[in-house]
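Here is the structure we will look at.
Letters A, B, ... are given to chains in the order of the sequence lines, protein chains preceding strands, and every chain is numbered from 1.
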Amino acid sequence: MTIQIHNTLSGKKEALLPIEKGQVKLYVCGITSYDYCHIGHARSALAFDMIVRYLKYRGFKVTYVRNFTDIDDKIITRAKEQQTTSEELANRFIVEFYTDMDKLGIDRPDIEPKATKHIDEMITLIGELIDQGKAYPSGGDVYYIVDSFPEYGKLSKRNLDDMQAGARISVNEQKRHPMDFVLWKGSKPGEPTWDSPWGPGRPGWHIECSAMSRKYLGENFDIHGGGQDLIFPHHENEIAQSEGANHKPFANYWIHHGFVTIRDEKMSKSLGNFLTIRDILDHYHPEILRFFIFSTHYRNPLDFSETAMQDATAGLERLYECIAAIDALQPLTSVADTASVCTDKDIQQLEGLETRFQQAMDNDFNTAQAQGIFFDSVKAINRIRGKLPAVPATDDLYLLKSSIEILKKLANIMGLLREDAGQFLTAKKNKLVSEGDIDIASIESLIAERYQCRRAKNWVRSDAIRDQLLEKNIELMDGPDGTTWLVKGN
RNA sequence: GGCGGCGUAGCCAAGAGGUCAAGGCAGUGGUCUGCAAAACCAUUAUUCAUCGGUUCGACUCCGAUCGCCGCCUCCA
């Protein structure tokens, strides 16, 4: 069974057949570094983190390149506002980016090139395009001749005529054709600048990815990815530049993930409806964000809301509760000749876990379906656990423990279930207590008092204590081993 | 206006030409409990926006209609 990937270029799912057997070369457009990252950036980083991990899990060697755009108009403008240099600003937000990525537990790509470190490569590439008559200098800028690339529009499925019908193409006297796009921008006084054969300036946005992907992955490589908003013009232009210069297919597969929306609208600075990664991480454990993001297929829009995050919290806790319960089973109590309590259905369910997971993930990285499979397994595990006698059969115990190990291994591809289950659950409790207006000592002392009341069958006082704590959002649970408690809410 | 996508139970969300339309949340019933809570188990769509067509058979393919979203300008 091969991995099927939805390829934006063909609009269809295709089997992943790398250029070099067993080796996948992946280029992903990273951030423009001028501000804190929002959850849309998180989705991008998380999606490709998952994809890379899955490819590795399936036995591929992966070379993963993700760039930093550290020079562009927004950076220059923002640096001016903050009375600093573009370089300082860009570097500062790269550090902040890493802080967020580390908190989310995202692995570093193999290569993370910065645009400003590859000006020479870009100048070389622009020179090649000019030599081939596919670009022209004009007024200190250099433009790409879109008419020189007959396949222009093949990725975004549009043609030059359609686009010109749209009224929003900016008029620019320097351009021969309104859709020609800039490869090199002449610099204005006070702007960061590099020397070039066409005068001082800086690179256009699209050229960096063509130049850097060629340097690190070659002229033709396997997968190129990014957000859906990059399809046009960014990736379309990259294709025009790279295939125009190299006369070879550029990326074989294009993967584009969907947006994170809020109230069904794309997050954007102009609408002011964006949330930064750290906004979220202030309130939610990183795995909750991951669980939420992977609860939908990567190409679909994902609507952020408190409710959705609460659902994600509940779902993730269900998984952790299951693990914690199995962790708590004592392996030494098992005896070989105890009868098994597992039904064939449960055994089949658990033994099929990894295969079913692979089938889901092979199908264009369907994490939503994969999560469903986790829950199927949890249900089977809980069902068995519920029937377990005080001295369970060795085989049953082994099945439970090994299923949990597989579950954790597979969930790890999405970066989930990495924590110790007990710690995950108590950490949350402690956090909630610290946010409330009662401390653990008072809770414990009231529970101790109630214990005495309950022994004396003083239900009135005992219930009063319970209600008193409930007002503070502390819920009591009487079990055979004493009373435990939790904090209501999320 | 052009192009692309989506519309599945109260909410979120998979699936896919033909046995029961995954799973999560919420709801309901049960186990447990002094009563609860939590947890666990069970259960919840004769139906997949609407209308036509293709087919022995469609939620899944085709066409139209309605609604929503995105791109066409920087954007993950």
Side-chain angles (χ1 to χ4, degrees), chain A residues 8 11 28-32 34-35 37-48 69 72-74 77 153 156-159 161-170 179 205 225-234 236 256-261 264-270 274 291-292 295-297 299-303 305 307-308 310-319 321-322 324-325 356 360 363 366-379 381-383 385-387 454 457-459 462-463 466-467 469-470 474-480 483-486 488:
Chain A
T8 310
V28 174
C29 290
I31 58 159
T32 298
Y34 73 108
D35 206 342
C37 287
H38 56 61
I39 47 182
H41 296 113
R43 186 181 195 184
S44 179
L46 250 13
F48 289 106
T69 299
D72 99 316
D73 289 349
K74 292 189 295 294
T77 308
S156 54
K157 315 250 183 317
R158 55 189 87 190
N159 60 57
D161 294 338
D162 291 343
M163 285 184 278
Q164 285 177 77
R168 293 200 280 177
I169 296 162
S170 60
M179 290 308 294
W205 175 33
Q228 273 167 2
D229 47 358
L230 298 182
I231 295 172
F232 190 89
H234 186 53
E236 197 68 69
H256 292 99
H257 65 261
F259 303 124
V260 178
T261 59
D264 292 323
E265 279 183 317
K266 184 182 170 187
M267 284 195 302
S268 74
K269 306 251 158 149
S270 53
F274 66 95
F291 187 94
F292 164 67
S295 67
T296 298
H297 182 87
R299 282 194 295 117
N300 292 146
L302 176 62
D303 198 51
S305 66
T307 313
Q310 278 163 24
D311 283 359
T313 305
L316 185 61
E317 281 175 5
R318 181 169 160 82
L319 298 179
E321 298 271 11
C322 172
R356 294 213 299 144
N363 184 15
N366 195 333
T367 53
Q369 195 176 16
Q371 284 187 350
I373 290 160
F374 293 161
F375 286 109
D376 285 342
S377 304
V378 161
K379 186 168 284 190
I381 289 168
N382 285 336
R383 204 161 23 206
R385 199 204 74 215
K387 286 187 289 192
R454 292 187 71 223
K457 297 198 189 293
N458 179 354
W459 307 127
S462 144
D463 289 354
R466 187 166 66 195
D467 291 343
L469 283 167
L470 195 57
I474 305 299
E475 236 165 32
L476 297 188
M477 295 165 294
D478 300 322
T483 297
T484 54
W485 55 276
L486 58 73
K488 269 174 73 173

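Heavy-atom distances to RNA chain B give each of A:Ala314 and A:Arg466 a nearest nucleotide, and the one nearer the 5′ end belongs to A:Ala314. Heavy-atom nearest nucleotides on RNA chain B were determined for A:Ile373 and for A:Gly227, and the one closer to the 5' end corresponds to A:Ile373.
Distance from the side chain of A:Asp463 is smallest to B:rG34 among B:rG34, B:rC40, B:rC71. The listed nucleotides are B:rG70, B:rC3, B:rC41; the one nearest the side chain of A:Lys157 is B:rC3. Nearest to the side chain of A:Phe259, among B:rA76, B:rC41, B:rG24, sits B:rA76. Proximity note for A:Trp459 (side chain, C-beta onward) versus B:rC72, B:rA38, B:rG34: the nearest is B:rG34.
We find that NZ of A:Lys457 is positioned 7 Å from C1' of B:rG34, with the value rounded to whole Å. Atom-to-atom, NE2 of A:His41 to C1' of B:rC74 comes out at 11 Å; the value is rounded to the nearest Å.
Residue contacts shown for A:His256 are absent, as no nucleic acid heavy atom lies under 4.0 Å away. At a threshold of 4.0 angstrom between heavy atoms, the contacts of A:Leu476 include nucleobase atoms, whether or not backbone atoms are also involved.
Residues A:Asp376 and A:Lys379 are not paired through a salt bridge, judged by the lack of any N-O separation under 4.0 Å between the basic side chain and the carboxylate.
Nucleotides B:rU54 and B:rG63 place their C1' atoms 11 Å apart, quoted to the nearest Å.
Checking B:rC71 for Watson-Crick or G-U wobble geometry (two distances, each under 3.5 Å) identifies B:rG2 as its partner. Both distances falling under 3.5 Å, in either a Watson-Crick or a G-U wobble arrangement, place B:rC40 opposite B:rG30.
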